[in-house]
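Read through the structure below, which is laid out as structure tokens, and then see the notes.
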Amino acid sequence: MTSLKDFLPRAGMVYTEDRDILGRQSRDDKILKALCKASFVRIAKGASDKQSKKNVNQALTEIFTVATEPHILNLVQYESRGIYAFWTSLQDNTPWAYYIGETMFFCFVWAMVKARRSWHANPRPPFNISMHSKTAIQIDAFLEKLDIYYSSVDDEIYKMAGRLDEDEDDDEEEEDENEDENEDEDEDQDMDQVEDEDGDEDEDQVEDELREGVDAMQIDDDL
């Protein structure tokens, strides 16, 4: 089964061992779908995975290039919702992110940051940074400029991820409730149908008994 992880850059990145990046496969699928809609990824017979990976690498590199632009990065410094303003501005300047929710976009971008930091914490081949993916190298440039604001951004992302979990749990509960309601409606309809059928049978029985009574009366009259 094709997953988002199949198309992400590898050199200089260390992802979690889980198959998904965002903690749930459904979230990864939404990111992958957005990349497909933007034509970065093609999942079809005869499509080149190599070209798709190259496209995704370029798309991610552009995100972190935009993130280092002063008019966007400097938003982090503002005390009142500055970090949120930074993320929303970054998403507004990432056309393909139009297809996904803002919190999911924030969490995905930060998952890429975490993967790069994980490589620095536990390097593995290739060790030569010049051989790393463009995404990895651009994340380094972003983190260098983010500097002292890293912890603040990290804390905010943690909170956002928590809200994302809550929202999705609420959605799942609502879906379950809707399914239960639909099942109850189906059961009610089945019961109504059974009652109708029983009613029809009772009516038929009454009619049969009436006919028998009439026939008996006619026989008595003849006698």
Side-chain angles (χ1 to χ4, degrees), residues 3-25 27-28 30-32 34-35 40-41 49-50 52-78 82-91 93-94 96-97 100 102-165:
S3 70
L4 173 63
K5 226 175 187 181
D6 296 332
F7 299 98
L8 298 179
R10 294 286 174 176
M13 308 287 280
V14 177
Y15 302 104
T16 61
E17 293 182 358
D18 299 329
R19 183 169 177 77
D20 52 80
I21 296 294
L22 296 175
R24 296 185 186 184
Q25 189 63 46
R27 297 174 185 170
D28 282 25
K30 289 179 181 178
I31 300 293
L32 181 57
L35 291 168
F40 290 120
V41 174
D49 283 353
K50 184 176 181 180
S52 291
K53 291 176 182 178
K54 183 178 179 181
N55 293 342
V56 171
N57 187 23
Q58 182 59 39
L60 295 177
T61 300
E62 290 175 0
I63 288 177
F64 291 103
T65 299
V66 171
T68 59
E69 294 179 1
H71 70 284
I72 291 180
L73 185 62
N74 290 344
L75 293 171
V76 174
Q77 302 175 33
Y78 298 114
I83 294 172
Y84 181 78
F86 160 75
W87 283 116
T88 54
S89 181
L90 181 59
Q91 184 175 22
N93 286 273
T94 305
W96 65 269
I100 55 179
E102 60 180 24
T103 303
M104 194 170 297
F105 171 73
F106 306 159
C107 291
F108 173 60
V109 172
W110 206 243
M112 297 298 99
V113 171
K114 291 285 192 180
R116 180 54 175 166
R117 284 174 60 85
S118 293
W119 183 92
H120 282 297
N122 184 25
R124 59 190 63 182
F127 297 107
N128 187 340
I129 291 182
S130 66
M131 298 175 66
H132 288 185
S133 64
K134 291 192 296 182
T135 297
I137 293 172
Q138 193 57 42
I139 290 175
D140 284 345
F142 166 67
L143 290 175
E144 183 179 354
K145 291 189 176 183
L146 187 62
D147 195 19
I148 61 173
Y149 297 102
Y150 175 84
S151 295
S152 297
V153 176
D154 192 46
D155 288 343
E156 188 63 25
I157 286 293
Y158 181 79
K159 295 175 185 176
M160 289 178 179
R163 289 196 293 271
L164 184 62
D165 287 335

Counting N and O atoms only, with roles assigned by atom type, does the side chain of [X] sit under 3.5 Å from a partner on the main chain of [Y], one being a donor and the other an acceptor?
X	Y	value
K134	E62	no
N128	S130	yes
E102	T88	no
D28	L22	yes
R116	G12	yes
N57	T135	yes

**OP:** Just do the salt bridge (charged side-chain N to carboxylate O under 4.0 Å, His left out) check on D154 and K114 with the steps written out, would you?
**Re:** CA-CA 10 Å; D154 192 46; K114 291 285 192 180; 3.1 Å; yes

Could you measure the distance from the [atom1] atom of [X] to the [atom2] atom of [Y]? Nearest 0.5 Å is fine.
X	Y	atom1	atom2	answer
F108	L8	CZ	CG	5.5 Å
M13	M112	CE	CE	5.0 Å
F86	S152	CZ	OG	12.5 Å
Q77	L75	CD	CG	9.0 Å
L146	T68	CG	OG1	11.0 Å
Q58	I63	CD	CD1	11.0 Å

Should the heavy atoms of other residues, nucleotides or ligands under 6.0 Å from [atom1] of [X] be counted, would the total exceed 12?
X	atom1	answer
R10	CZ	yes
Y150	OH	yes
K54	NZ	no

Heavy-atom check, side chain of [X] versus side chain of [Y], under 4.5 Å:
X	Y	result
L90	E69	no
L35	F7	no
D140	W119	no
L60	Q138	no

Original post:
What is the ring orientation for F142 with F64, classed by angle as parallel under 30°, tilted 30 to 60°, or perpendicular over 60°?
Top reply: tilted

Subject >> salt bridge (charged side-chain N to carboxylate O under 4.0 Å, His left out) partners of D6, counting only residues at least two apart >> reply: none

**OP:** Would you check, one step at a time, whether the test side chain to side chain contact (heavy atoms under 4.5 Å, CB included) holds for L4 with D20?
**Re:** CA-CA 7 Å; L4 173 63; D20 52 80; over 6 Å; no

**OP:** Indicate whether the side chain of Y149 and that of E156 have a donor and an acceptor atom separated by less than 3.5 Å.
**Re:** no

Can you give me the closest heavy-atom contact between [X] and [Y], atom names plus distance?
X	Y	result
S3	L32	C-CD2, 4.0 Å
S89	I72	OG-CG1, 3.5 Å
I100	K30	CG2-O, 3.6 Å
A67	L73	O-CB, 3.3 Å
V76	V153	CG1-CG2, 4.1 Å
I21	Y15	CD1-CD2, 3.7 Å

Subject >> Derivation and outcome, side chain to side chain contact (heavy atoms under 4.5 Å, CB included), residues V41 and N55 >> reply: CA-CA 7 Å; V41 174; N55 293 342; over 6 Å; no

